[in-house]
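Attaching a single structure in structure tokens format; questions to follow.
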Amino acid sequence: MEYFLLKPFEGGCRFKIINQDKDILICSMTRKGEAPDFTLHPCPLISNRFKELLEQYLRDMDFIPCVIEGEETPDYWAFHPKEQAVKNARFRPDGAVSAVCSLGLTPIFIVPNYKKVSYVINLALAESLLRRGYVNLGLERLEKM
């Protein structure tokens, strides 16, 4: 199985969590350019479009709605995929994953280390993302261990 590092959106829109509850997040967004489909700041958030795609791959994953201040429906969702053990990955000096062991058919998982958390997706999910034209996110092929 091939894996890719999911690189989050780094510039433009800024999110700030106003109210953090276990059932719903309320945030404010300073819009500069196009809204991202995936961001890690202030917490991992995905757009409605990205959530719809992940639900096709992970029917049992829980998503926490994130409502932008002044709106009634959620535009973003917080999520927490499975973790892979650090011992099953290699890292670059900046803390990002450079290689992973196979985690079976799991389409997305995280690999935490002391510098940063890396989001890793499998080939099937990567192809789905590319076909649908998601913006403000990047993919980098990872080595296999």
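Quick note: residue numbers are just sequence positions, from 1. Quick caveat, the model's predicted, so the values are computed rather than measured.
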Do the side chains of Asn88 and Val111 get nearer than 4.5 Å, heavy atoms only?
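Counting from C-beta outward, Val111 and Asn88 never come under 4.5 Å.
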Would you give the length of the straight line joining atom SG of Cys27 to atom CD of Glu71, rounded to the nearest 0.5 angstrom?
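Answer rounded to 0.5 Å: 9.0 Å.
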I want to check something: taking the side chain as every heavy atom from C-beta on, are Trp77 and Pro65 in contact at a cut-off of under 4.5 Å?
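SC-SC contact between Trp77 and Pro65 confirmed.
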Connected via hydrophobic side-chain network under 4.5 Å: Met145 and Leu105:
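They do not share one cluster, since no chain of ILVMFWY contacts under 4.5 Å joins Met145 to Leu105.
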Measuring only between side-chain heavy atoms, which start at C-beta, is Pro81 closer than 4.5 Å to Met61?
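Pro81 vs Met61: side chains touch.
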List the atom of Phe15, the atom of Pro36, and the distance in Å for their closest heavy-atom pair.
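Scanning both residues completely, I find the closest heavy atoms to be CE1-CG, 3.8 Å.
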Between NZ of Lys144 and OG of Ser102, what distance do you get to the nearest 0.5 Å?
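It is 9.0 Å, given to the nearest 0.5 Å.
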How many angstroms lie between CG in Asn122 and CD in Glu127, if you round to the nearest 0.5 Å?
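Here the rounded value is 9.0 Å.
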For Arg92 and Ser98, which heavy atoms make the closest approach, and how far apart are they?
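Residues Arg92 and Ser98, closest heavy atoms: CG-CB, 3.7 Å.
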Are the side chains of Gln84 and Val97 in touch, meaning some heavy atoms are under 4.5 Å apart?
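Not touching, per the 4.5 Å side-chain cut-off.
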Can you tell me how far CD1 of Ile17 sits from SG of Cys66, rounded to the nearest 0.5 angstrom?
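It comes to 5.0 Å.
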Measuring from Leu137:CG to Lys7:NZ, what's the distance to the nearest 0.5 Å?
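NZ of Lys7 is found 11.5 Å from CG of Leu137.
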In this structure, would Ile26 and Phe63 fall into the same cluster of hydrophobic residues linked by side-chain contacts under 4.5 Å?
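No, it is not one cluster - the side chains of Ile26 and Phe63 are not joined through contacts under 4.5 Å.
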Is it the case that the ring center of Phe91 lies less than 6.0 angstrom away from the ring center of Tyr114?
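Tyr114 vs Phe91: aromatic centres not under 6.0 Å.
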Met1 with Leu142, same ILVMFWY side-chain cluster at under 4.5 Å:
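Linked, Met1 and Leu142 end up in one cluster.
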So do Glu52 and Gln56 actually touch side chain to side chain, heavy atoms under 4.5 Å?
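The answer is no, as the side chains (C-beta and beyond) never meet within the 4.5 Å cut-off.
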State whether the number of non-hydrogen atoms from other residues, nucleotides or ligands found under 6.0 Å of Asp94 atom CG is greater than 12.
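More than 12 heavy atoms, drawn from other residues, nucleotides or ligands, come within 6.0 Å of this atom.
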Grouping I, L, V, M, F, W and Y whenever their side-chain heavy atoms are under 4.5 Å apart, do Ile18 and Ile68 come out in a common cluster?
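Cluster IDs for Ile18 and Ile68 differ.
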Side-chain heavy-atom pair Leu45, Leu25 within 4.5 angstrom cut-off
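Yes, close enough: below the 4.5 Å cut-off.
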What about Val67 and Ile64, same hydrophobic cluster or not, with Ile/Leu/Val/Met/Phe/Trp/Tyr joined at side-chain heavy-atom distances under 4.5 Å?
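No, because Val67 and Ile64 fall into different hydrophobic clusters, even though each may have its own neighbours under 4.5 Å.
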For the pair Asn48 (side chain) and Pro74 (backbone), establish whether a donor and an acceptor sit closer than 3.5 Å, ignoring hydrogens and angles.
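Yes.
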If we only count heavy atoms from C-beta on, is the Leu53 to Ile46 side-chain gap below 4.5 Å?
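Answer no - side chains too far apart.
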I'd like to know whether NZ of Lys16 has more than 12 heavy-atom contacts from other residues, nucleotides or ligands below 6.0 angstrom.
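Not more than 12 within 6.0 Å, no.
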Using only atom types and a distance under 3.5 Å, with no angle test, would you say the side chain of Arg49 pairs donor to acceptor with the backbone of Arg132?
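It does hold such a pair.
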Would you name the heavy atoms of Tyr57 and Ala124 that are closest together and state the gap between them?
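Closest approach of Tyr57 to Ala124, heavy atoms only: OH-O, 3.2 Å.
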Any Pro8 side-chain heavy atom under 4.5 Å of Tyr119 side chain
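Result no, sub-4.5 Å side-chain heavy-atom pair not found.
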Distance check, rounded to the nearest 0.5 Å: Ile121 atom CD1 versus Tyr3 atom OH?
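Answer for the CD1-OH pair, Ile121 versus Tyr3, is 11.5 Å.
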Do you see a donor-acceptor pair shorter than 3.5 Å between the side chains of Tyr76 and Thr39?
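The criterion, which ignores hydrogens and geometry beyond distance, is not satisfied for Thr39 and Tyr76.
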Nearest atoms (heavy-atom pairs only) where Phe50 meets Leu6:
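In this case the closest contact between Phe50 and Leu6 is CZ-CD2, 4.0 Å.
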